[in-house]
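Everything below concerns the one structure shown next.
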Amino acid sequence: MTGKRQLDIVLFGATGYAGQLVARYLATHAPGGVRIGLAGRSARRLADLRVRLGAAASAWPVLVADSADHESLAALARAARVVATTAGPYHGQGLPLVGACARAGTHYADLAGEVLFIRESIGRFHQVAAGAGARIVHCCGFDSIPSDLGVLLLHRAVRADDAGDLEDTTLVVTALKGGISGGTLASATGQRDQMRASAQLRRAARDPYALSPDRGAEPDLGKQPDAGWVRYDRDLGIWVGPFPLARLNARVVRRSSALQAWAYGPRFRYREVTGYGTNRAAPVKAAALSTAMAAVGGGLAFRPSRALLSRFLPGPGQGPSEKTRREGFFRMEIHGRTSAGAQYLSLVEARADPGYAATAVMLGESALCLALDHDRLPGSAGVLTPATAMGAALARRLTSAGQTLATRRITP
Ligand SMILES: NC(=O)c1ccc[n+]([C@@H]2O[C@H](COP(=O)([O-])OP(=O)(O)OC[C@H]3O[C@@H](n4cnc5c(N)ncnc54)[C@H](OP(=O)(O)O)[C@@H]3O)[C@@H](O)[C@H]2O)c1
């Protein structure tokens with residue numbers, strides 16, 4: 001990073017739904033002395049937000065920038081050591097800020113969940129960021145921090161025991177309650193539109209190694225389907241169904257392994273499912289919920305049904321109520337089997353709405369981690385993943401913030 005910076009962290013998109021939650025998290029949890037700025041399109045709305053954040057934020061400067069104004073983004077990137085951004089959808093408007101941060105050697109964290117956007121970011125800016133010493137980190141929310149850090153911790157436990165390499169590894173969502181925001185829906189439909197418009201992009205996004213740093217060096221492990229349908233899983237001994245975030249999370253986890261010289265193992269196979277348990281109602285519940293999710297996804301894919309559905313769904317700037325955020329939760333188990341026959345389990349959970357309350361903690365702590373934990377971060381720069389940019393330092397922070405990330409060996 002070159003030169004002195006006016007701020008440690010600047011939060012861009014601060015006036016949006018997720019942005020305001022992250023701003024509140026930083027106002028209540030950043031250590032005294034951390035210099036934070038609020039950035040967005042409207043000075044007046046940023047100033048109003050600063051008032052609502054109370055005394056801790058009263059001296060935070062307000063910076064006006066627009067994703068369409070590249071000079072304003074360059075100024076933002078030069079002003080801070082870390083830019084955290086919730087200005088989405090990221091596809092179509094997010095890349096100029098990534099580029100500005102990569103060139104300025106400024107660390108960057110976002111909530112992107114769009115595989116094609118991340119893929120383009122890697123292609124265009126990995127080398128630039130690596131050269132300038134910037135850590136560009138996408139997916140610093142519910143997608144994909146629990147998956148990415150959970151598998152990293154699994155791998156570390158296996159290594160510490162010298163128990164071989166990770167092979168079949170499955171994340172099972174065992175409990176989940178939360179809401180959705182207009183910004184998330186807009187991002188999801190934007191990515192669907194992009195894929196519908198181009199067979200080439202569809203193929204790219206469906207490649208299990210879509211985010212690989214070196215596609216030709218990836219192992220050939222046969223089919224690695226993202227979803228599958230409802231079925232009884234003999235290995236896990238439970239009924240399982242698709243998990244909608246698997247498509248992104250699995251690619252991020254595979255990139256993390258590859259960026260660490262394929263450290264998880266040459267036969268590392270990873271998938272994510274929703275778990276429905278073993279009782280007699282499990283297959284019925286699995287089929288009902290999976291069908292409902294598929295129906296909403298399908299409805300959002302086509303413009304006429306999307307227009308109808310959007311009357312009942314949140315719009316831009318809207319999201320789950322305070323009660324929904326407070327009463328939400330998630331619990332994930334990651335089951336790993338090694339080449340030596342040992343079995344391990346990671347548990348990742350939080351008692352808060354996953355996509356918003358828990359995500360505000362994850363992005364807020366990611367920004368603090370990039371700004372304050374420099375000596376504890378793993379080696380490299382470039383377009384990284386949460387595990388390879390922040391790794392155990394971020395896991396420690398999230399644990400201190402009340403989230404659970406724990407790993408144990410199952411077999412003796
Ligand atoms: N990965 C996860 O777990 C996770 C969780 C939650 C959200 N997200 C993602 O986070 C993003 C934001 O979601 P949200 O619900 O907060 O959406 P939102 O409420 O609609 O907020 C979007 C933000 O982007 C800003 N923005 C839009 N166009 C801009 C431009 N041209 N220049 C500068 N700023 C611009 C908006 O500014 P104004 O305020 O001026 O309109 C607003 O602050 C979405 O992409 C969503 O998918 C991901």
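Position 1 is the first residue of the sequence, and the numbers go up from there. Just so you know, ligand 1 is whichever comes first in the structure, and atom 1 is the first atom listed for that ligand.
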[X] heavy atoms, cut-off 4.0 Å: which ligand 1 atoms fall inside?
| X | result |
| --- | --- |
| Ser67 | 30 (C), 31 (N), 32 (N), 33 (C) |
| Arg45 | 38 (P), 39 (O), 40 (O) |
| Thr359 | 3 (O), 5 (C) |
| Ser187 | 44 (C), 45 (O), 46 (C), 47 (O) |
| Thr184 | 6 (C), 7 (C), 8 (N), 46 (C), 47 (O) |
| Thr15 | 38 (P), 39 (O), 40 (O), 43 (O) |
| Gly141 | 3 (O) |
| Gly13 | 43 (O) |

Between Ile9 and Leu26, what is the shortest heavy-atom contact and its length?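 That closest heavy-atom pairing would be CG2-CD1, 4.5 Å.
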
Give the single entry among [options] that approaches [atom] most closely by any heavy atom.
| atom | options | result |
| --- | --- | --- |
| atom 34 (N) of ligand 1 | Met362, Arg41, Gln20 | Arg41 |
| atom 14 (P) of ligand 1 | Ala186, Gly183, Cys139, Cys140 | Gly183 |
| atom 11 (C) of ligand 1 | Leu21, Leu111, Thr86 | Thr86 |

Please state which protein non-hydrogen atom is closest to [atom] and give its distance, to 0.1 Å?
| atom | answer |
| --- | --- |
| atom 22 (C) of ligand 1 | Gly88 O, 3.6 Å |
| atom 15 (O) of ligand 1 | Ser181 OG, 2.6 Å |
| atom 28 (N) of ligand 1 | Gln93 OE1, 3.2 Å |
| atom 20 (O) of ligand 1 | Gly317 N, 3.3 Å |
| atom 16 (O) of ligand 1 | Ala18 N, 2.8 Å |
| atom 19 (O) of ligand 1 | Tyr17 N, 2.8 Å |
| atom 24 (O) of ligand 1 | Ala87 CA, 3.2 Å |
| atom 42 (C) of ligand 1 | Gly16 CA, 3.6 Å |

Aromatic ring pairing Tyr232/Trp239, orientation class (parallel under 30°, perpendicular over 60°, tilted between):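 Tyr232 vs Trp239 ring planes: perpendicular.
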
Parallel under 30°, tilted from 30 to 60°, perpendicular over 60°: which one fits the rings of Tyr264 and Phe268? perpendicular

Short N-O contact, [X] and [Y], less than 4.0 angstrom:
| X | Y | answer |
| --- | --- | --- |
| Asp233 | Arg271 | yes |
| Asp48 | Arg52 | no |
| Arg408 | Glu333 | no |
| Arg255 | Asp148 | no |
| Asp373 | Arg396 | no |

For Arg331, I'd like to know if atom CZ has over 12 heavy atoms of other residues, nucleotides or ligands within 6.0 Å.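 Above 12, so yes.
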
Report yes or no: does a heavy atom of Gly113 sit under 4.0 Å from some atom of ligand 1? no

Would Gly355 count as a contact residue for ligand 1, given that I'm defining contact as a non-hydrogen atom of the residue lying under 4.0 Å from a ligand atom?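 It does; at least one heavy atom falls under 4.0 Å.
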
In terms of side-chain heavy atoms, does Arg156 have a donor or acceptor partner in Thr407 at a distance below 3.5 Å?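 Judged by distance alone, the side chains do not pair up.
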
Are Thr184 and Ser187 close enough that a side-chain donor and a side-chain acceptor fall under 3.5 Å?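 No.
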
Determine all donor-acceptor pairs shorter than 3.5 Å in which one atom belongs to a side chain in residues 289-300; sequence neighbours excluded.
from   : atom 1 : to     : atom 2 : distance (Å)
Ser290 : OG     : Ala286 : O      : 2.6
Thr291 : OG1    : Ala287 : O      : 2.5

With sequence neighbours left out, the residues meeting side-chain contact (heavy atoms from CB on, under 4.5 Å) with Asp214 are Ala217, Trp262

Is Phe142 in polar range of ligand 1, meaning some N or O pair under 3.5 Å apart?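 N/O-N/O distance under 3.5 Å: yes.
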
Quick one: does Ala14 get an N or O within less than 3.5 Å of an N or O on ligand 1?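 Between Ala14 and ligand 1 (N or O atoms, distance only) the closest approach is not under 3.5 Å.
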
With side chain to side chain contact (heavy atoms under 4.5 Å, CB included) as the criterion, how do Thr388 and Ser380 come out once you've worked through the C-alpha distance, each side chain's angles and the decisive distance to 0.1 Å? CA-CA 8 Å; Thr388 53; Ser380 54; 5.6 Å; no

